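Excluded from the calculations below are hydrogen atoms, water molecules and symmetry mates; all remaining heavy atoms, backbone and side chain alike, are included. The sequence lines fix the lettering, A, B, ..., with proteins before strands; numbering per chain opens at 1. Because the structure is predicted, anything quoted here is derived from the model rather than measured.
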Protein chains: 2
Amino acid sequence: MVTLAEVAQHAGVSASTVSYVLSGKRSISTTTRQRVEQSIRELGYHPNAGARALASSRSNIIALMVPLRTDMYVPVMMEIAIAVATTARNHGYDVLLLTGEEGPDAVRRVTGSGLADAMILMDVELDDERLPLLRGTDQPSVLIGLPADTSGLTCVDLDFRATGALCVEHLAMLGHRDIAVIGEAPAVYERHTGFAERTLDGLRSRAQELGVRLLHRPCEGGYDATAVTLARILDERPGTTGFVVQNESAVEPMLALLRQQGRAVPEDVSVVAVCPEQVAVQASVRLTSVAIPAQEMGRYAVEYLVAKLDGRGTDDVVLIAPELTVRASTGPAPSGSS
Amino acid sequence: MVTLAEVAQHAGVSASTVSYVLSGKRSISTTTRQRVEQSIRELGYHPNAGARALASSRSNIIALMVPLRTDMYVPVMMEIAIAVATTARNHGYDVLLLTGEEGPDAVRRVTGSGLADAMILMDVELDDERLPLLRGTDQPSVLIGLPADTSGLTCVDLDFRATGALCVEHLAMLGHRDIAVIGEAPAVYERHTGFAERTLDGLRSRAQELGVRLLHRPCEGGYDATAVTLARILDERPGTTGFVVQNESAVEPMLALLRQQGRAVPEDVSVVAVCPEQVAVQASVRLTSVAIPAQEMGRYAVEYLVAKLDGRGTDDVVLIAPELTVRASTGPAPSGSS
DNA sequence: AAAAGCTGTCGAAGCGCTTCGATGAACTCT
DNA sequence: AGAGTTCATCGAAGCGCTTCGACAGCTTTT
């Protein structure tokens, strides 16, 4: 391995000069700088990460804790992870991938060992065990998701409350008076990840404001479970003409079922999905949907973190405004319904 | 931050003794060991990663290069990534997430800086630019996927050739004489990632051996593209009764289309998918499928890497034998067909 | 009973870098 | 012209750890 000292010797300067060329923390004459840069290139020098971290107590690494679970929103998680990695790289950081498996211990380990300079936590629960640790350290962190108490924390998330409201609004505007929500799996609600509840909250309160009826049913996803859920809903509220689906793996089954039952989308029933763009576009009916802005969330998270690391940051909750894209799955409520 | 020296002082021993307790590289008396361990616990000591890396020239980090693209097999990628992270952790390693974006430079950077001790590359192309670099360094690496020339490399992958053969075999055994393959997007074939070609290869050669007719068509996936592809196939070979689908995003559209055309699965046509288990199980018809063993691939990759890092490894190509699980989408060919 | 071998521990060197204070050279000001 | 500035560079200390050789106190061998 080529070392700083070798570069220095090759360029005929001292080691510290090379270091300053690299960091730009002191001014260096143009000629010297160029000579050093030339040597670096010729020798193929790469600073040793460990030495650098030791000397500067900065690892230039951001830890990303992803949920271990692969039962939901996997593409979203992946997209976030990739956005995080890409954005981080643009700011000179690398990304360390931690799984939720270790739980709070991972936070301790990373914080204590100086492995990473900062961390991003995904899949934050309302009352997450890791939060006290984060508050108790001066290592910057950003959460993707919203815990119950956000004091002293920085969070990025889609505004799910507004998302729910937006979905209802759209359907109500089209004349639908009876709306059903196919929700996430019951486990998701029990886990208290927050986003599902917040969506529901937005759905309900806007429904009330607009005077439309709303029925919510959790749903495991997959064909069979969706069939059961749908049957129950139609049994209970046969006049339902509007659906909001917030469960990726219920989307396609749902469309298949409706087709099978001879209910045309969007002529007889309208469907709004809360899902990644790709799912909405690739579905058998191009879906009117509110996208889950995975990339944006990942990017924001990193940018807030970098700001904090540069001493510019503030604790803050950033809710990304939802955007509803109208595609082919929603239309005016059939006349005479309800 | 608590340092080794502080622990040493607290326990009344020298720093090196603490280090040996931690690493176990020299024998330490039980009493001393316990005293030191006690101090470590009391002080909440975590070794500094940078210092450790510098002194030992081992970072205990494995780099994982994932494709930047999120257009295909995302859940598979994610599952592999998580399996890698989990397995690595069990061996005392952390995982650094690199995106394909940087390309070969990432390999240089990581190798040169000692950021990671080893790397795992996903989504390897037949003639990948990164391969020469890997061969030219003594840093251990494992590829997930199979390049054209595997000399001097360690690779882990599903045996896609055998997978193709297995699918044809299964259908042929059930009496299907006209089989169509809905393949990956044309871009996948053009990219020369190998796995698609290898599957096709297996499909074709076994088809020939068994004397069944095989028609292969790439397919973009999504509802519309699948509809077009299916129509073409049925136009060209109306007697087709067996389908092999190797494109996650064509699976569900395919089933919907068949249903719509009044072709019952599995009574009229049989469908075998090559896809992650979850997709096969959650589809609207429980699919007979060959699973893509993501977890296994991730786990193997790490285990081979760790073996290499411990000096036990050998270069080797590990092809995981495919397993076909019969579910509800395949059955005997309808009599009188073909 | 002396030589040889273990065990358990310590001290010190050094890993490759950053960073602080110092220093000389070249300028600027009065 | 001498004092004060600024600029570019150097040398040395030190980050927290690992690891090597040394050594004291044992036990075993011859």
Side-chain angles (χ1 to χ4, degrees), chain A residues 1-37 39-40 43-61 92 94 109-117 309, chain B residues 1-37 39-40 43-61 92 94 109-117 309:
Chain A
M1 282 303 79
V2 187
T3 69
L4 227 213
E6 295 177 89
V7 174
Q9 190 174 9
H10 186 271
V13 297
S14 76
S16 49
T17 302
V18 177
S19 178
Y20 286 123
V21 168
L22 249 29
S23 69
K25 291 191 181 174
R26 283 200 185 174
S27 58
I28 296 288
S29 68
T30 319
T31 56
T32 307
R33 185 201 318 291
Q34 286 174 346
R35 204 142 34 82
V36 170
E37 281 167 352
S39 298
I40 289 177
L43 300 178
Y45 169 70
H46 286 272
N48 178 295
R52 186 169 257 192
L54 176 58
S56 66
S57 25
R58 284 289 226 109
S59 64
N60 284 302
I61 288 180
D94 273 296
R109 195 166 61 84
V110 169
T111 309
S113 66
L115 233 186
D117 297 332
L309 286 167
Chain B
M1 282 303 77
V2 188
T3 69
L4 227 212
E6 295 177 85
V7 173
Q9 191 174 8
H10 186 272
V13 297
S14 76
S16 48
T17 302
V18 177
S19 177
Y20 287 124
V21 167
L22 249 32
S23 68
K25 291 192 181 172
R26 284 201 184 171
S27 58
I28 297 286
S29 69
T30 319
T31 57
T32 307
R33 185 200 317 290
Q34 286 173 347
R35 204 143 34 82
V36 170
E37 281 166 352
S39 298
I40 289 178
L43 301 178
Y45 169 70
H46 286 271
N48 178 294
R52 186 169 257 194
L54 176 56
S56 65
S57 23
R58 284 288 227 111
S59 64
N60 285 302
I61 289 180
D94 273 296
R109 195 166 60 85
V110 169
T111 309
S113 67
L115 233 186
D117 296 333
L309 287 167

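Side-chain N/O atoms of B:K25 include one lying less than 4.0 angstrom from OP1 or OP2 on D:dT19. A sub-4.0 Å separation between OP1 or OP2 of C:dC17 and a side-chain N or O of A:Y20 is absent. The side chain of A:S19 contributes an N or O atom lying less than 4.0 Å from OP1 or OP2 of C:dT18. Under 4.0 angstrom from either OP1 or OP2 of D:dC7 there lies no side-chain N or O belonging to A:S27. Side-chain N/O atoms of A:S14 include one lying less than 4.0 angstrom from OP1 or OP2 on D:dC10.
Checked options B:T3, B:T32, B:V13; the residue passing with B:V18 is B:V13 (criterion: side-chain contact (heavy atoms from CB on, under 4.5 Å)).
Residue contacts for B:L4: at a heavy-atom cut-off of 4.0 Å it reaches a base atom on one of the strands shown. Among the protein residues, B:S56 comes within range of the sugar-phosphate backbone only, with heavy atoms under 4.0 Å from sugar or phosphate atoms but none that close to a base. Using a 4.0 Å heavy-atom cutoff across all strands shown, A:S29 reaches sugar-phosphate atoms only and no base atom.
Spacing between atom CG of A:N48 and atom P of D:dC15 amounts to 18 Å, rounded to whole angstrom units. We find that CZ of B:R26 is positioned 11 Å from P of D:dA22, with the value rounded to whole Å. For the pair A:L43 CG and C:dG16 P, the interatomic distance rounds to 15 Å; values are reported in whole Å. Nucleotide D:dG16 holds its P atom 10 Å from the CE atom of B:M1, rounded to whole Å. In this entry the distance linking CD of A:Q9 with C1' of D:dG11 reads 16 Å, nearest Å. Going from atom CD1 of A:I40 over to atom P of C:dC17 covers 10 Å, rounded to whole Å. Note: CD (B:Q34) to P (C:dG8) measures 13 Å, nearest angstrom. One can place CG of A:L22 at 16 Å from P of C:dG16, the figure rounded to the nearest angstrom.
In the set C:dG16, D:dC10, C:dA12, C:dG16 carries the atom at the smallest distance from any side-chain atom of A:L54. For A:T3, the listed nucleotide lying nearest its side chain is C:dC17; candidates were D:dC17, D:dT18, C:dC17. When distances are taken from the side chain of A:T17 to each of C:dG16, C:dA12, D:dC10, the shortest belongs to D:dC10. Taking only side-chain atoms of A:R52, from C-beta outward, the nucleotide of D:dT18, C:dT9, C:dT18 with the closest atom is C:dT18. The A:A55 side chain lies nearest to C:dC17 when the options are D:dG11, C:dC17, D:dG16.
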- Item | Verdict with reasoning, A:R58 to A:L309, per side-chain contact (heavy atoms from CB on, under 4.5 Å) | CA-CA 10 Å; A:R58 284 289 226 109; A:L309 286 167; 4.3 Å; yes
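Nearer the 5' end of DNA chain D, as judged by each residue's closest nucleotide, is the contact made by A:T30, out of A:S16 and A:T30. Comparing A:A5 and B:V13 by the nucleotide of DNA chain C that holds the closest heavy atom to each, the one mapping nearer the 5' end is B:V13. Across the interface with DNA chain C, nearest-nucleotide mapping of B:T31 and B:A51 shows B:T31 to be the residue nearer the 5′ end.
Although no hydrogens or angles enter the test, the distance criterion places no donor-acceptor pair under 3.5 Å between the side chain of A:S59 and the main chain of A:A53.
Residues B:P47 and B:R52 come closest through the heavy atom pair CG-NH2, 3.6 Å. Taking all atoms of both residues into account, the shortest heavy-atom contact from B:Y45 to B:L22 is CE2-CD2, 3.7 Å.
Note that the NE2 atom of B:H10 and the CZ atom of B:R35 stand 11.0 Å from one another [nearest 0.5 Å].
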